[in-house]
Structure formats: structure tokens, C-alpha cells
Amino acid sequence: MKKLSARRRHPLAAVVVLLLALLFSGGLYAVFAPTSKAEADETAQSLTIEEGKKLYSVGCASCHGTGGQGTSDGPSLVGVGAAAVDFQVGTGRMPAATSQGPQVPKKKNIYSQAEIDQLAAYIASLGAGPAIPTEEQYGPQGADIAKGGELFRTNCAQCHNFTGKGGALTHGKYAPDLEGVSPKHIYEAMETGPQNMPSFPDTTLSEENKKDIIAYLDAVNSSKSESPGGLELGGLGPVSEGLFGWIFGLGGLIAVAVWVAARTAKAKKS
């Protein structure tokens with residue numbers, strides 16, 4: 001016992017205990033430290049960007065340049081953000097056809113959502129820009145439909161019509177019909193301002209405002225909704241209403257006038 005006690009009191013005993021404690025704590029840190037997950041996430045993101053770069057080189061570089069700097073056939077993509085890519089490619093507007101009209105139309109997309117995410121990740125790596133919104137940002141939960149209608153009529157109806165049916169612009173351009181467009185793409189369009197549309201960042205229309213507008217469009221374009229004013233005439237506003245009044249209203253008055261004149265002439269002859 002004396003020998004054992006003496007060993008315990010050896011001058012190097014404290015050093016040995018300290019080394020063992022350091023080894024033990026280091027092992028625990030290596031096991032539970034979050035660095036491995038962070039490194040895994042970084043590796044996965046790098047692979048996503050690399051795959052996106054390959055897709056970009058095949059389908060986009062001929063117009064937008066090998067590094068996204070833009071050419072005479074396509075604008076620079078540096079700083080447009082992932083949301084712009086998700087909208088343009090997700091709606092089939094990009095890649096564009098070789099012969100273009102006044103603006104690029106919506107068409108069937110040729111990429112899967114996974115490939116779109118890869119392209120978006122690569123473009124986002126070229127420069128900071130709007131990110132792809134989450135469902136929480138554009139979902140209908142907690143939205144104010146009445147406020148959305150007010151905001152839409154103030155900021156959007158001049159081009160898209162007050163129910164989002166679309167309308168003609170100058171030089172053959174047009175504001176597309178918003179019926180059937182996914183809430184995510186509507187949010188991204190407001191955020192990025194594609195083609196002829198101005199952008200509405202959070203400093204202009206807050207996240208809540210965008211959600212309200214999306215909820216309003218969903219309400220007015222829902223198949224379950226009914227027009228409280230009766231026949232909606234396509235929802236195209238005063239143009240169709242004026243045409244209806246001109247053809248049927250004025251036409252009816254002319255018909256009555258002709259009928260009265262014919263009866264008067266007939267009465268005079270008799």
C-alpha cells in the first residue's frame with residue numbers, strides 16, 4: 001500500500017492525468033463537434049454548383065457567356081440570384097428559342113427541379129441576388145386577401161388587369177395571364193422583375209405584401225369563386241364591358257328605333 005501510495009504521489013502523476021483528460025476531451029469533441037456536418041454541407045453545395053456549371057455550359061453559355069458575364073445575345077447573369085433562374089427556367093422561358101419575338105413566352109420546361117436547383121446554385125455563386133423563396137413566404141397562411149386586392153390594383157392591374165387576366169403592352173409585348181401560375185413563380189416574378197415587369201423588392205413590397213397579393217390572385221382565379229356582379233365577361237374590365245354595352249345596348253336601341261319607324265311608316269300608309 002505504501003508503494004502504491006507513493007506512485008500516486010509521483011511528481012509526474014498530475015501530468016499523466018492532465019494528458020489523459022485532454023485526450024478524453026479531444027476524443028469527445030471529435031465525435032460531437034459540428035464541423036463534420038458543416039464540411040459535408042459545404043461539399044454537397046460545391047457538388048451542386050459543379051453540376052449546375054455543367055448544365056450551364058451546355059444550355060446557357062452560348063447566349064450568356066461562359067462565365068455568365070453576358071453577350072450580345074443575352075444579358076449578364078451575375079447578381080440575378082437563384083430566384084431569377086428558378087422562375088425563368090421553371091416556367092420554360094429559358095433556354096429561349098433561337099428566333100425570338102418581342103418577348104420570351106412561357107413554354108414547357110426541359111429541366112427537372114433538381115437540375116433547376118443546380119443551375120440556380122451555380123448562378124447564385126457568381127454574385128449575390130434574391131434567393132428562391134420558401135413555402136412559408138408565398139403560402140396562403142395568414143394572408144390578407146382584401147389587402148392583397150388593394151395592392152394588386154395599385155401596383156399590377158395597369159398591365160395584368162384587375163383580376164390578373166393579362167393584357168397587351170407596346171410593340172407586341174404583353175403582360176401574361178396569371179391564372180394557373182404557381183405561387184412560388186409569382187413571388188419570384190415580383191422579386192426579380194422578369195422581362196418588361198418592374199421588380200418589387202422587400203423595400204417596395206414587403207414579404208407580407210407579396211403573400212397578400214398571391215392570396216388575392218388565388219381567390220379571384222379559383223374555380224370555386226363566383227362573380228358577385230353576375231356575368232364577368234372574361235374578367236377583362238371596362239374594355240369588354242364597354243364592348244358588351246356598345247354591341248347589345250346600342251344595338252338594341254337601334255333595333256327598337258328601326259322597329260318604331262317601320263310601324264309608324266306602316267300606320268301612315270294605312
Side-chain angles (χ1 to χ4, degrees), residues 52 55-56 59-65 68-111 113 115-124 126-134 137-138 148 151-152 154-161 164-207 209-211 213-214 216-218 221:
L55 292 169
Y56 176 87
C60 315
S62 59
C63 292
H64 295 285
Q69 74 277 9
T71 68
S72 58
D73 295 321
S76 171
L77 299 181
V78 178
V80 300
V85 178
D86 189 75
F87 173 83
Q88 295 286 0
V89 181
T91 59
R93 289 177 168 85
M94 291 291 153
T98 52
S99 57
Q100 293 299 332
Q103 71 184 59
V104 182
K106 178 182 179 180
K107 59 184 183 296
K108 182 177 176 60
N109 73 57
I110 62 174
Y111 292 99
Q113 187 59 51
E115 291 172 328
I116 294 172
D117 291 341
Q118 291 168 350
L119 275 169
Y122 171 66
I123 298 302
L126 301 179
I132 297 174
T134 63
Q137 291 175 281
Y138 57 77
L151 291 167
F152 186 86
T154 301
N155 297 281
C156 317
Q158 297 91 332
C159 297
H160 289 283
N161 183 270
K165 298 295 184 182
L169 302 176
T170 58
H171 305 294
K173 300 174 183 178
Y174 58 90
D177 184 357
L178 300 179
E179 185 173 4
V181 180
S182 74
K184 181 177 73 166
H185 289 153
I186 294 176
Y187 191 103
E188 290 169 339
M190 287 189 281
E191 189 75 11
T192 61
Q195 300 192 97
N196 306 297
M197 180 175 170
S199 62
F200 296 92
D202 290 346
T203 53
T204 305
L205 285 178
S206 68
E207 184 178 308
N209 292 157
K210 294 184 181 72
K211 177 182 286 194
I213 289 174
I214 292 170
Y216 165 74
L217 288 172
D218 179 67
N221 291 319

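Side chains are part of it too, since the values below use all heavy atoms of this structure and drop only hydrogens, waters and symmetry mates. No experiment lies behind these values; they were computed from the predicted model shown.
Screening Met94, Arg93, Lys184, Glu191 for a side-chain contact (heavy atoms from CB on, under 4.5 Å) with Phe87, the sole residue that qualifies is Arg93.
For the atom pair Cys159 SG and Lys173 NZ, the distance stands at 11.5 Å (nearest 0.5 Å). Within the model, atoms CG of Leu55 and CG of Asp117 stand 11.0 Å from one another, a figure rounded to the nearest 0.5 Å. Summarising the geometry, atom CZ belonging to Phe152 is positioned 11.5 Å from atom CG belonging to Leu205; distances are rounded to the nearest 0.5 Å. One finds the OG1 atom of Thr204 at 12.0 Å from the CE atom of Met190 (value rounded to the nearest 0.5 Å). In this structure, CD1 in Ile123 is found 12.5 Å from CG in Asp86, a value given to the nearest 0.5 Å. Here the OH atom belonging to Tyr187 is positioned 11.5 Å from the OG1 atom belonging to Thr192, to the nearest 0.5 angstrom.
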Walk me through it: do Tyr174 and Gln103 pass the test side-chain contact (heavy atoms from CB on, under 4.5 Å)? CA-CA 8 Å; Tyr174 58 90; Gln103 71 184 59; 3.5 Å; yes
Go through the steps to decide whether Gln137 and Lys211 satisfy the test side-chain contact (heavy atoms from CB on, under 4.5 Å), and finish with yes or no. CA-CA 7 Å; Gln137 291 175 281; Lys211 177 182 286 194; 5.9 Å; no
Checking side-chain contact (heavy atoms from CB on, under 4.5 Å) for the pair Glu207/Lys210: CA distance, chi angles, key distance, verdict? CA-CA 5 Å; Glu207 184 178 308; Lys210 294 184 181 72; 5.9 Å; no
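The heavy-atom pair separating Ala120 from Ile132 by the smallest distance is CB-CD1, 4.1 Å. For the residue pair Tyr138 and Pro183, the shortest heavy atom distance occurs at CD1-CB, 3.7 Å. Shown here for Asn196 and Leu169, the closest heavy-atom pair between the two residues is CB-CD1, 4.3 Å. The nearest pair of heavy atoms linking Asp177 to Glu179 is OD1-N, 2.9 Å. Nearest heavy atom pair, residue Ile116 against residue Gly90, reads CD1-CA, 3.8 Å. Minimum interatomic distance between Ile110 and Pro95 (heavy atoms only, all atoms of both residues): CD1-CD, 3.9 Å.
Remark: Ala124 engages Ala82 in a side-chain contact (heavy atoms from CB on, under 4.5 Å) (not counting sequence neighbours). Remark: Tyr56 pairs with Tyr122 by the ring pair (Phe, Tyr, Trp, His ring centres under 6.0 Å) rule, at least two apart or across chains.
The side-chain heavy atoms of Ile213 and Leu217, taken from C-beta on, include a pair separated by under 4.5 Å.
Checked by atom type and distance alone, the side chain of His160 pairs as donor or acceptor with a backbone atom of Pro176 at under 3.5 Å. Formation of a donor-acceptor pair under 3.5 Å by the Thr71 side chain with backbone atoms of Asp73 is found in this model. Between the side chain of Lys106 and the backbone N or O of Thr91 there is no donor-acceptor pair closer than 3.5 Å. With Gln195 contributing its side chain and Val104 its backbone, the two residues share a donor-acceptor pair below 3.5 Å. Counting only distance, with no hydrogens or angles, the side chain of Ser76 and the backbone of His64 share no donor-acceptor pair below 3.5 Å. Put simply, the side chain of Asn109 never gets that close to the backbone of Val89: no donor and acceptor are under 3.5 Å apart.
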